[in-house]
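The next block holds one structure in the form of structure tokens; read it before the comments.
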Amino acid sequence: MKKDKIALTVDDLHIYYRDMKRFSLKKTGLKDKGTGRIFKAVQGVSFEVPRGEILGICGKNGSGKSTLLRAISGIFSADKGSIDLHGNTISLLSIGVGFQKKLTGYENILLSGMLLGFSEEDIIKKAPEIIDFSELGDFINKPVNTYSSGMYSKLAFSITAILETDIMLIDEVLSVGDSHFTEKSYNKMKELISDSDRTVIIVSHSTKTLTELCNKVMWLHEGKIRKIGKPKEIMEEYDEFMKETL
Amino acid sequence: MKRFISDIKKYFRYIAYDTKATLKAEITDSYLGWIWLILEPLCFMLIYFFIGAVVFKSKLDYFPVFVFIGLSIWNFFNKTVVQSVKLVQANKETVTKVYLPKFILLFVQLGVGIVKMAVSFALVIIFMLIYQIPISWNVLYFIPILLVLFILTFGIGTIFMHFGVFASDLTNLTNIAFKLLFYLSGIFYDLVGRVPAPYNAILLYVNPIAYLIDAARQVLMYQSTPNFLPLLIWFVIGIILSIIGINTIYKYENTYVKVMR
């Protein structure tokens, strides 16, 4: 375990999407990367998350929340600025984690686990716990493409919840599954959060989730930080703002 | 380069497990299961045997073995490279959720191809025993030939994989190009004997697959040695392509997800 106080540093992060539809074979020259329209999804976001803190991110659709999470998890590259994980392991949990649909649930547990950087032995050891928590029962040995969408997200949540990484990124996950599982995963979330070593970033639209779980909330608006501070204050202002724009 | 080696180490277990799981999924998916691994090459061999021996009246000795060697190598190269074009898109689910070096996907594909080729070559050996083809120590040259095939396939695969993300029409182009390449590789006919003089040599040395198939036949069927210079040249080209491919992927892999839809 590293003893750094800061778990995550994001410095002046910019992420752009380029309109790449017109990419033809003729023009696949790599230097042409800059052509086409540019959509600036995240523009100059900087923040730090101390170890053990729960940061909530709110903002209306298209404000760059998911893009930000993906950048932190290492899927996107930053066009400008930097992201420093201080050597922590990280996992992104969103609706339907990357499963290979033809493979069974169990095989996917192993594959996902390995992608998250765990050893095969560790995963096999924890697999019963994952299967148990996911409530999938015998379906665990059936291909994932036979699963219902609820089962799919249950398994996804269980894998990331039981295989504990230092930093967890959660994208709207509490809104999936049946009400029983939602309740259960919400409680599991609380339990995970009570571990003072774990750093969590939650993206959500739910005022309840953000105010109850988070130490701090960041309000993203059109790719920029509009406000960052205490959950209660921010959420009140955010709800007010959302009502006005209706 | 350092990063490449440490990534291979880090993801080696993943490659192995994913290869196994992918093969298993393919097998359990179909009605006849693992029998397809044998049946598929066998059926294609029969088709080309019919075309070569009956339609074109080929007089080659051990013709089924001749076709089988060509087909095994061709299938491995063809399937791996054609699939690499769509590889990132096909693994969208994984790629958009977690970081992994994208060439790892290609290694999984290579792994699957190698297993299938191994089955196919097991059949070659059976046919060689049936026809009682004499074997010499030159058979050992088959190992460097395979090595060059793997490296070359990987190198070409990385580059096709990279461009496949950006250009969706690359699939159409590769399908056509590979059809042409198939007929130019002398899989069910004797390239050297059938094509008139200056062209056969050119085809044999410009097209690595034709050369590798021919070399494999030399060592397995005719107890002779392969022509070493082209083998060395293709080995070097394969290494260079791999290095270019890996560097390109490292440089651009984080933009792949942004382009996909």
Side-chain angles (χ1 to χ4, degrees), chain A residues 15-21 23-30 32-33 39 41 66-67 70-71 73-79 90-104 106-108 110-121 123 142-145 152 156 160 169 171, chain B residues 7 10-30 85 90-102 104-105 108 159-160 162-174 177 244 247-248 250-261:
Chain A
I15 299 164
Y16 307 144
Y17 286 91
R18 294 182 182 82
D19 191 1
M20 297 229 198
K21 261 187 187 161
F23 249 87
S24 71
L25 271 177
K26 222 167 94 191
K27 284 197 175 172
T28 321
L30 299 169
D32 285 357
K33 236 173 68 120
F39 174 70
S66 301
T67 306
R70 283 177 166 193
S73 70
I75 297 163
F76 281 4
S77 59
D79 287 274
I90 196 160
S91 60
L92 171 66
L93 178 56
S94 60
I95 302 168
V97 162
F99 289 148
Q100 299 202 18
K101 298 218 165 107
K102 278 187 168 183
L103 306 183
T104 67
Y106 188 78
E107 286 163 339
N108 270 303
L110 272 163
L111 287 175
S112 311
M114 285 188 215
L115 283 179
L116 294 175
F118 291 90
S119 73
E120 206 174 344
E121 294 77 45
I123 305 163
K142 293 209 168 104
V144 171
N145 54 13
Y152 198 90
T160 349
L169 308 173
D171 196 352
Chain B
D7 272 344
K10 191 172 159 199
Y11 287 98
F12 182 75
R13 297 294 313 159
Y14 177 80
I15 296 171
Y17 195 82
D18 199 13
T19 305
K20 216 167 68 187
T22 309
L23 273 168
K24 216 190 100 199
E26 237 173 81
I27 287 167
T28 46
D29 246 15
S30 55
V85 176
N91 287 284
K92 199 176 168 185
E93 288 286 317
T94 311
V95 165
T96 51
K97 298 288 154 43
V98 68
Y99 170 78
L100 88 161
K102 304 300 175 285
I104 297 294
L105 299 171
V108 174
I159 288 165
F160 272 67
H162 172 73
F163 287 109
V165 176
F166 297 97
S168 52
D169 45 356
L170 192 59
T171 317
N172 309 27
L173 198 76
T174 42
I244 294 174
N247 281 335
T248 318
Y250 270 141
K251 198 165 170 200
Y252 292 102
E253 64 183 351
N254 274 343
T255 57
Y256 289 176
V257 182
K258 290 182 189 171
V259 181
M260 281 186 325
R261 49 197 86 221

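Residue numbers begin at 1 in each chain, while the letters A, B, ... track the order of the sequences. Because only heavy atoms are used, hydrogens play no part in the values below, and waters and symmetry mates are left out as well, while side chains stay in.
Evaluation of the side-chain contact (heavy atoms from CB on, under 4.5 Å) rule for B/D7 yields B/R3, B/Y11, B/P101, B/F103, B/Y250 as partners, not counting sequence neighbours. A search for side-chain hydrogen bond (donor to acceptor under 3.5 Å, both in side chains) contacts involving B/T174 returns nothing, not counting sequence neighbours.
Atom CG of residue B/L100 and atom CG of residue A/L111 lie 10.5 Å apart, to the nearest 0.5 angstrom. Atom CE of residue A/M114 and atom CD1 of residue B/I15 lie 11.0 Å apart, to the nearest 0.5 angstrom.
Residue A/L103 comes nearest to B/A21 through the heavy atom pair CD2-O, 3.1 Å, listed as atom of the first residue, atom of the second, then distance.
Contact annotation for A/E120: only side-chain heavy atoms (C-beta onward) come within less than 4.5 Å of a heavy atom of chain B.
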